Amino acid sequence: MLGLQVEDLGTTPESWFGLVNRYYVSGLRQDLAAHLNGKTEQFESRYRIRHRDGTYRWVLCRGRATRGVDGHALQIAGTQTDVTRLIDVEERLIHDAFHDRLTGLPNRNSFLANLDRAVEISRQNSHYRFAVLFLDLDGFKAINDSLGHLVGDQLLASVSSRLRGCHRPGDLLARFGGDEFVLLLDDLGDFSVAASIAERVQQELGSPFLLEGHEVTTRASVGIVLSNTKFDSAEDLLRNADIAMYSAKAKGKGQVRFFTPDMYERTLKSWNLDNDLQNALQRGEFLVHYQPLVSLSTGRISGAEALVRWKRSNGEIVSPAEFIPRAEESNLILDIGEWVLRTACFQARQWSQPEMPLLTMSVNLSGRQLSRVDFLDIVLRTLADTGLSPSQLELELTETILMDSSRAAKAALDGLSREGIKLSIDDFGTGYSSLGYLRKFAFDTLKLDQTFVTDVHSDRNAAALTRGLIALAHDLNLRVTAEGVEETEQLRFLAAHGCDTVQGYLACRPVCAEEFTKLLFRQTALLPSFVPASLLEARGSERSPHRPSSEPRPAPGERARLTLVS
Ligand code: C2E
Ligand code: MG
Ligand code: MG
């Protein structure tokens, strides 16, 4: 076992102890003495002992003494087992329990144990200061998705080695999993050290990483919590550092934020929001507003977009931009979306009276709704229950939904258009603006995002793009709706370049159903009367292929009337 001959062993216990690694000698002596003195049933000790080749082995030594009549130990016999491999495995397990495999850094467990210790010291010593830095890489998911997990892993390992160079010797750097790293800055003389370490981190990560032939750039959002803020436990501190990191992320890439109590208040507010949203549907706190879509060939309302609102019990109206993303996270969007669809279809059916113009009702969809296996059934049942014709319903989808959509979602969209329900692509130009989607799915309408429309009359690039997109959409047999039209000049440009429909504050803001009914009855002119009749005549013949059957071709007299109203 030890590569020794019998004669090398010597005859005294001391010659044996001489082989044992000096750190373990006193433990071995104690274990032996305890047994010889009758304190233990059996002698057992684990220690490291020198092999003839100079390396050390882990051994487990066990024995039992034979005793004289007075109980005195006379001799001892037992076994010694080489447990080096066993201990190696054990040590690896202990190491793995406290370290991250990819980067070799301490992990969450290890970090929490150290943070607990720091919290304890700060309770006993009011002069002791420390800080926690919470780091999250910006855009890591996109790198992982586009360049693959191998590059993703290499990036994390490279980031960890750059971070190792940013802190002081006594600090603890750990990886929490994913792209999250934390630093415990121990025994800070001055809190400003935390800011300078965060700055060093940003500098270190500032230069690109060369991974598998790709030049990859990443930044980190950093949240810092100092030990002079109020906290009850290590978990509190960590949560606050995390909140500060989220606040940094919200400010953009590569930002650093110190935790402040009002950050916590805001986060608490958004947790409460989740809670309140859960109850809002039962309490009937949602309502739908409708925004007119105005046809540029007739000047009349040709449709409405249903836009959900949340009227909280305190009377505050919450914008969908604020609560829809949260409802999507909690899946509550499925119930809200179904309710909006039903309400809007019912309303559109109410408006489908002989004396009223025929309207298309546009309803926004969330990706979650589309991935429901029974989505098509829900839409068809809603149409059947409310009596609305499928051709009067248009569902709006954004490109992001299409990007994430599964095969089942594509089947649902195909099913919807087979049933005669229209589809429109919403906010076009804000996502990936992939024309591929326009061909892949059976869209009827392209909704040009407000970002195009805003500068259309003042910026040559925006003008050229908008002109080109309108022409292209028409080539693909799609109608074009311009969103967010606020100024007459924008309207003039859009009308001159063949846009079919406009939606925006210039015509009308979203209004409640009663207001919308008044607009329909009064046939109020919603747009300024600048569009020359000659242009309308010319466009009427040019664009006839994409006028939907639901919108009757205006009689010449009607077009003339548009130029007169003011
Ligand atoms: P969206 O579908 O692009 O709806 C148009 C948004 O632009 C509406 O905001 C509307 O009020 C606003 N808008 C219309 N004209 C103008 C204008 O001239 N200027 C400006 N600055 N804004 C204008 P809103 O109602 O706050 O809705 C925001 C977004 O929330 C919607 O964008 C849509 O993505 C989502 N949303 C609204 N209702 C629903 C819904 O029922 N379900 C789902 N999934 N999403 C909804
Ligand atoms: Mg929309
Ligand atoms: Mg839109």
Side-chain angles (χ1 to χ4, degrees), residues 277 280-281 285-294 301 303-311 317-348 360-372 375 378-379 382 393-402 404 422-431 433 443-456 480-491 494 499 501-513 515-516 526-528:
L277 258 181
L281 209 55
E285 292 179 357
F286 290 114
L287 35 111
V288 180
H289 279 184
Y290 300 91
Q291 188 175 28
L293 276 83
V294 183
I301 298 176
E305 176 169 4
L307 295 160
V308 69
R309 304 282 177 263
W310 176 19
K311 191 172 180 189
I317 302 267
V318 189
S319 141
E322 215 171 301
F323 68 83
I324 294 275
R326 295 207 78 86
E328 279 176 339
E329 274 171 33
S330 61
N331 257 347
L332 212 67
I333 191 67
L334 298 181
D335 296 335
I336 300 175
E338 200 177 330
W339 178 84
V340 173
L341 180 72
R342 182 163 288 271
T343 310
C345 287
F346 178 78
Q347 188 57 64
T360 303
M361 178 59 77
S362 301
V363 178
N364 292 288
L365 276 195
S366 132
R368 299 253 172 167
Q369 287 173 276
L370 197 62
S371 26
R372 275 180 91 140
F375 182 64
I378 290 176
V379 176
T382 308
L393 176 63
E394 181 157 277
L395 297 175
E396 297 195 359
L397 297 102
T398 61
E399 289 168 277
T400 324
I401 300 182
L402 297 175
D404 300 340
K422 298 198 191 101
L423 298 176
S424 73
I425 187 151
D426 200 2
D427 304 341
F428 191 80
T430 53
S433 306
F443 283 107
D444 299 89
T445 309
L446 181 147
K447 294 190 80 173
L448 263 189
D449 191 72
Q450 187 181 21
T451 44
F452 279 96
V453 176
T454 307
D455 299 327
V456 88
V480 179
T481 298
E483 300 187 276
V485 180
E486 293 181 351
E487 292 170 23
T488 315
E489 283 304 304
Q490 296 163 348
L491 178 65
L494 294 162
C499 180
T501 318
V502 289
Q503 176 182 2
Y505 295 169
L506 181 67
C508 188
R509 285 182 179 253
V511 291
C512 64
E515 282 295 316
F516 199 96
L526 294 175
L527 295 175

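Start at 1 and go down the list; that is how both ligands and their atoms are numbered. In this chain, residues are counted from 1 in sequence order. All of these numbers come straight from a predicted model, not from anything done at the bench.
- For E396, the N/O/S atom at the shortest distance from the Mg ion (ligand 2) is named OE1.
- Contact annotation: D449 places no N, O or S atom under 2.8 Å from the Mg ion (ligand 3).
- Between the Mg ion (ligand 3) and the N, O or S atoms of D426, the shortest distance is to OD1.
- Between I425 atom CD1 and L397 atom CG the span is 7.5 Å, to the nearest 0.5 Å.
- Ring geometry, F286 versus W339: the interplanar angle falls from 30° to 60°, so the pair is classed tilted.
- Contact annotation: N364 places an N, O or S atom under 2.8 Å from the Mg ion (ligand 2).
- Tested against Q503, the residues Q291, Q450, E483 include a single side-chain hydrogen bond (donor to acceptor under 3.5 Å, both in side chains) partner, Q291.
- Inclusion of E305 in the first shell of the Mg ion (ligand 2) is supported: an N, O or S atom falls under 2.8 Å.
- In this structure, the side chains of I324 and V308 come closer than 4.5 Å at one or more pairs of heavy atoms.
- Between E305 and N364 the shortest heavy-atom distance is OE2-ND2, 2.8 Å.
- A heavy-atom distance below 4.5 Å is not found between the side chains of I401 and D426.
- Ordered by chain and residue number, the residues placing a heavy atom less than 4.0 Å from ligand 1 are Q291, E305, L307, V308, R309, P320, I324, V340, N364, L365, S366, E396, D426, D427, Q450, E483, G484, V485, E486, G504, Y505, P510.
- To the nearest 0.5 Å, atoms CD1 (I336) and CG (L277) are separated by 5.5 Å.
- For the Mg ion (ligand 3), the nearest N, O or S atom contributed by D427 is named OD1.
- With a cut-off of 2.8 Å, the Mg ion (ligand 2) has no N, O or S atom of E483 in range.
- The existence of a salt bridge linking K447 and E394 is excluded, since no basic side-chain nitrogen approaches an acidic carboxylate oxygen closer than 4.0 Å.
- Using a 4.5 Å cut-off on side-chain heavy atoms (C-beta onward), S424 and T481 make no contact.
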